[in-house]
K.L.:
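Sharing a structure below in structure tokens format, with a few things to ask.
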2 protein chains.
Amino acid sequence: MELSPQIEDYLKNIYQLQTRYGRVPTTALAERLAITAASVTGMVRKLAGLGLVDHEPYHGVRLTASGESLALQIVRAHRLWELYLVQALEVPWDQAHVEAEQLEHALSQGLADRLAEVLGHPTADPHGHPIPSRNGDVARRGGVPLDHLPAGEAGVVVQIRDDTPELLRYLGKLGIYPGEHVAVLDVAPFEGPLRVQIGDRTEVLGRRVAGHVMVHSEATLHERQRV
Amino acid sequence: MELSPQIEDYLKNIYQLQTRYGRVPTTALAERLAITAASVTGMVRKLAGLGLVDHEPYHGVRLTASGESLALQIVRAHRLWELYLVQALEVPWDQAHVEAEQLEHALSQGLADRLAEVLGHPTADPHGHPIPSRNGDVARRGGVPLDHLPAGEAGVVVQIRDDTPELLRYLGKLGIYPGEHVAVLDVAPFEGPLRVQIGDRTEVLGRRVAGHVMVHSEATLHERQRV
DNA sequence: GCTATAATTTCGATATGCCTAAATTCTATA
DNA sequence: TATAGAATTTAGGCATATCGAAATTATAGC
Ligand SMILES: [Mn+2]
Ligand SMILES: [Mn+2]
Ligand SMILES: [Mn+2]
Ligand SMILES: [Mn+2]
């Protein structure tokens, strides 16, 4: 099935919204794609006709099995490109996303497999997001926002939202990457900034910034017990 | 100026036809793009409106200065991708063209420069076609079809048409690449096949095949004097 | 020069994707 | 449970890029 770049973007974004929120409302999709809700309704009806989504009028969409499997191929293409750009072409990690946004629509199956091969069949992109396998398996990488960690708790960065280049550049300067250890030393009162230990340095992070950094808390089990 | 992939393809193909034949007739373009002449007329009028081509109704088009400079960027993107795919990703040289046909529309200026850089600012793609520089300089590489060489004459392969994968695969097996030395041992009568020396081997090439291989004859000067 | 044929353009349609404005449906709160 | 406001869809349009069929223009051979 040969899909237009537009349809590919719809599928990819429905996928990303539904894994977080279940059924995807028209307006959520519209906002994400920066088009009007009316346009989304039209396209979504078409996608339903193609059997790629299940559209319950007035109650949002969700991908069908075949829609999801196509969506995963786009996500795979996007993240393979991001990693390839960063690793092989030394593109700064904050620029990878925009470039991949175009390249994802120009990657054949064969070339995707080739990229995966030279990258050693990676499972995560430069921002820590999981790369689906060729047959559509995705690792759930989870994590909680860094600003949800109480003072005194430590963790490992697992993923970082990649849609704000300036923020990524800033985090890069601070040495905050997926895989790095961080510890929250203390949190200023009234939703204030966090003092964070990164390697041997101490940095102060604003709430906004910390919210973009997802970590695996080393105390996750204790947390769960308390709840 | 942000151009649609379609417009990019028009510009690229006008460029390639006009360097060989001057003003490009509507039908020539139509055949090359595999669309109808009526469609070409419409698009060409639009391109003229954008100041990218000069359209003399009933007498074909040619690129304006700005149209040509844009066309050269697409050609550059295409050929950089081809070379990169073959050299860095070890894609077979007969598959590079189709992949590049898509990727050429998804290459930012910055990434093009990066590709050029890691490739060492190359001047030719895997098939021997010149890669325009960032500011649009192109080397003329010329050459004559191998089947135009008289028996006894030798030459160096300069370029090979890249639009027929099977033919490229065949030539690859014979060891015929840009840069290789070939010598025409003899030519069978009545437009017959050529016996050709390649390295230490002798091969028999049909006319069709030989016509796709452009060579720099080592006797070009003598040829010119005779004419 | 005239005319048949080929090349090219014009005309009327179609498909895709998008928009604005108006109508409909849903839902939360009173 | 009625209803105001929000979410969503419907209706009518527009731009792009394509097509087939008909009309026009160019040109080569007489
Ligand atoms: Mn991304
Ligand atoms: Mn990413
Ligand atoms: Mn090519
Ligand atoms: Mn080539």
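Letters go in sequence order (proteins before strands), and every chain restarts at 1.
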K.L.:
Arg79(A) side chain to Pro132(A) main-chain N or O, any donor-acceptor pair under 3.5 Å?
P.N.:
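Not a single qualifying donor-acceptor pair exists.
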K.L.:
If I take atom CD in residue Glu56(B) and atom P in nucleotide dT25(D), what distance separates them, rounded to the nearest angstrom?
P.N.:
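Distance, rounded to whole Å: 15 Å.
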K.L.:
Would you say Arg23(B)'s side chain and Gly60(B)'s backbone share a donor-acceptor pair under 3.5 angstrom?
P.N.:
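Yes, Arg23(B) side chain to Gly60(B) backbone: donor-acceptor pair under 3.5 Å.
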K.L.:
Which atom pairs link the protein and nucleotides 12-19 of chain D when you take only N or O atoms and keep those under 3.5 Å?
P.N.:
from, atom 1, to, atom 2, distance (Å)
dA17(D), OP1, Ser4(B), OG, 2.6
dA17(D), OP2, Lys46(B), NZ, 2.4
dT18(D), OP2, Tyr10(B), OH, 3.4
dC19(D), OP2, Thr36(B), N, 2.8
dC19(D), OP2, Thr36(B), OG1, 2.9
dC19(D), OP2, Ser39(B), OG, 2.5

K.L.:
What is the distance, to the nearest angstrom, from the NE2 atom on His55(B) to the C1' atom on dT25(D)?
P.N.:
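In whole Å, dT25(D) C1' lies 12 Å from His55(B) NE2.
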K.L.:
Pull out every protein N or O sitting under 3.5 Å from an N or O of nucleotides 25-29 of chain C, one pair per line with the distance.
P.N.:
from, atom 1, to, atom 2, distance (Å)
dT25(C), O4', Tyr58(A), OH, 3.4

K.L.:
Closer than 4.0 angstrom, basic N to acidic O: yes or no for Lys12(B) and Glu101(B)?
P.N.:
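A salt bridge is present here (some side-chain N lies under 4.0 Å from a carboxylate O).
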K.L.:
More than 12 heavy atoms of other residues, nucleotides or ligands under 6.0 Å from CD of Glu117(B): yes or no?
P.N.:
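Check passes, neighbour count above 12.
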K.L.:
Assign the ring pair His129(B) / His127(B) to parallel, tilted or perpendicular, where the plane angle (0 to 90°) is split at 30° and 60°.
P.N.:
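His129(B) and His127(B): tilted rings.
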K.L.:
Contact class for Thr41(B) vs. all strands (heavy atom < 4.0 Å): base, sugar-phosphate, or nothing?
P.N.:
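Base, at least one base heavy atom under 4.0 Å.
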K.L.:
For Ser39(B) and Thr36(B), run side-chain hydrogen bond (donor to acceptor under 3.5 Å, both in side chains): C-alpha distance rounded to whole Å, both residues' side-chain angles, the deciding distance at 0.1 Å, then the answer.
P.N.:
CA-CA 5 Å; Ser39(B) 302; Thr36(B) 62; 2.9 Å; yes
K.L.:
Whole Å only: how far is the CG atom of Leu47(A) from the C1' atom of dG17(C)?
P.N.:
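Result: 12 Å.
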K.L.:
Write down the distance between CG (Asp9(A)) and P (dT16(C)), rounded to a whole number of angstrom.
P.N.:
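Between P of dT16(C) and CG of Asp9(A): 17 Å.
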K.L.:
Decide ring pair (Phe, Tyr, Trp, His ring centres under 6.0 Å) for His78(A) and His97(A); before the verdict, give the C-alpha distance in whole Å, the side-chain angles of both, and the deciding distance to 0.1 Å.
P.N.:
CA-CA 8 Å; His78(A) 181 99; His97(A) 180 77; 4.8 Å; yes
K.L.:
Starting from C1' on dA6(C), measure out to CD on Glu31(B) and report it in whole angstrom.
P.N.:
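Roughly 15 Å, once rounded to whole Å.
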K.L.:
With distance as the sole test, does Gln18(A) use its side chain to make a donor-acceptor pair with the main-chain N or O of Leu63(A) at under 3.5 Å?
P.N.:
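The answer is yes, because a donor-acceptor pair under 3.5 Å joins these two groups.
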